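Excluded from the calculations below are hydrogen atoms, water molecules and symmetry mates; all remaining heavy atoms, backbone and side chain alike, are included. In this text the structure is predicted, and so the values were computed from the model without any measurement.
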Amino acid sequence: MNKEELIAKLQLIIKPYTTNTEAYDNLTEDTDFINDLSINSANLVDIVLDIEEAFDVVIDNTDMERMLDVKTAVEIIETKLAQK
């Protein structure tokens, strides 16, 4: 799975939780989940759980705390997929 496919899959996971549709429609690697997409911390946990299920990976608390933007999320997912 290349980075573009990964971001597209991540975008589908994020969609139900975002209230800022303009930022969602213009999502880039620099998009911040909280500041740009208006996703609250409780929903961030739901997103992490959805990512774990969708990519069949386990994300530990350290990585979960870092996963605040698209770029970091992609890096963590790529690392976890490489370790499988």
Side-chain angles (χ1 to χ4, degrees):
M1 179 178 297
N2 67 31
K3 187 175 281 191
E4 287 75 27
E5 292 169 334
L6 202 150
I7 291 173
K9 193 168 181 178
L10 182 61
Q11 195 168 7
L12 291 175
I13 292 168
I14 294 166
K15 187 172 186 169
Y17 303 102
T18 184
T19 55
N20 187 338
T21 54
E22 183 180 341
Y24 175 81
D25 291 339
N26 297 306
L27 186 124
T28 68
E29 281 194 26
D30 296 322
T31 301
D32 185 281
F33 294 142
I34 296 169
N35 297 324
D36 297 327
L37 297 176
S38 305
I39 296 171
N40 67 37
S41 56
N43 284 341
L44 271 179
V45 173
D46 292 332
I47 289 170
V48 170
L49 294 173
D50 291 349
I51 288 170
E52 287 181 327
E53 187 176 320
F55 292 97
D56 192 29
V57 295
V58 176
I59 297 170
D60 58 38
N61 288 342
T62 306
D63 286 336
M64 191 183 300
E65 290 170 8
R66 291 178 40 229
M67 200 179 284
L68 299 175
D69 58 49
V70 173
K71 183 176 184 176
T72 307
V74 167
E75 289 169 0
I76 291 168
I77 295 166
E78 285 177 332
T79 301
K80 298 295 180 185
L81 290 174
Q83 292 171 350
K84 287 178 73 171

Under 3.5 Å, side chain of K15 to main-chain N/O of L10, donor-acceptor pair present?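 Between the backbone of L10 and the side chain of K15 there is no qualifying donor-acceptor contact (under 3.5 Å).
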Notebook entry, point to check: Within the distance-only criterion (no hydrogens, no angle test), does the side chain of K80 pair as donor or acceptor with the backbone N or O of E52 below 3.5 angstrom?
Noted result: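 Here the side-chain-to-backbone pair does not exist.
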Check: [Y] and [X] side chains under 4.5 Å, non-hydrogen atoms:
X: K9; Y: L12; answer: no
X: I7; Y: L27; answer: yes
X: T79; Y: D63; answer: no

- prompt: Distance from Q11 atom CD to E4 atom CD, nearest 0.5 Å?
  reply: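 Interatomic distance, Q11 CD to E4 CD, rounded to 0.5 Å: 12.5 Å.
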message: To the nearest 0.5 Å, what is the distance between CZ on R66 and CD1 on I59?
response: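 The distance works out to 10.5 Å.
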- Task: Might you confirm whether atom CD of E5 has over 12 heavy atoms from other residues, nucleotides or ligands at distances under 6.0 Å?
- Result: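 Yes, the 6.0 Å shell around CD holds more than 12 heavy atoms from other groups.
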Item to check | Heavy-atom pair with the smallest gap, counting every atom of M67 and V48 | outcome: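 In terms of heavy atoms, the two residues are closest at SD-CG2, 4.0 Å.
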Nearest heavy atoms of E29 and D69, plus distance in Å: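 That closest heavy-atom pairing would be O-OD1, 4.4 Å.
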Show which side-chain atoms of residues 33-47 pair as donor or acceptor with protein atoms under 3.5 Å away, not counting sequence neighbours.
{"residue": "D36", "atom": "OD2", "partner": "D32", "partner atom": "N", "Å": "2.7"}
{"residue": "N40", "atom": "OD1", "partner": "A42", "partner atom": "N", "Å": "3.1"}
{"residue": "N40", "atom": "OD1", "partner": "N43", "partner atom": "N", "Å": "2.8"}

* To do: State which residues pass side-chain contact (heavy atoms from CB on, under 4.5 Å) with E53; sequence neighbours excluded, sorted by chain then number.
  =>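 Counting only residues at least two positions away or on another chain, E53 forms no side-chain contact (heavy atoms from CB on, under 4.5 Å).
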Using the test side-chain contact (heavy atoms from CB on, under 4.5 Å), find all partners of D30 that sit at least two apart in sequence or belong to another chain.
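Partners of D30 by the side-chain contact (heavy atoms from CB on, under 4.5 Å) criterion, ordered by chain and then number, come out as T28.
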request  = Begin with the C-alpha distance, continue with both residues' side-chain angles, and end with the deciding distance and a verdict on side chain to side chain contact (heavy atoms under 4.5 Å, CB included) for F55 and I76.
outcome  = CA-CA 11 Å; F55 292 97; I76 291 168; over 6 Å; no
_side chain to side chain contact (heavy atoms under 4.5 Å, CB included) assessment of L81 paired with L6_ = CA-CA 11 Å; L81 290 174; L6 202 150; 4.2 Å; yes
Quiz item: Does the side chain to side chain contact (heavy atoms under 4.5 Å, CB included) test come out yes or no for Y24 and T19, once each step is laid out?
Solution: CA-CA 8 Å; Y24 175 81; T19 55; over 6 Å; no
Review point. Going only through I, L, V, M, F, W and Y residues with side-chain contacts under 4.5 Å, is there a path from I14 to M1?
Key: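 Yes, one cluster joins them.
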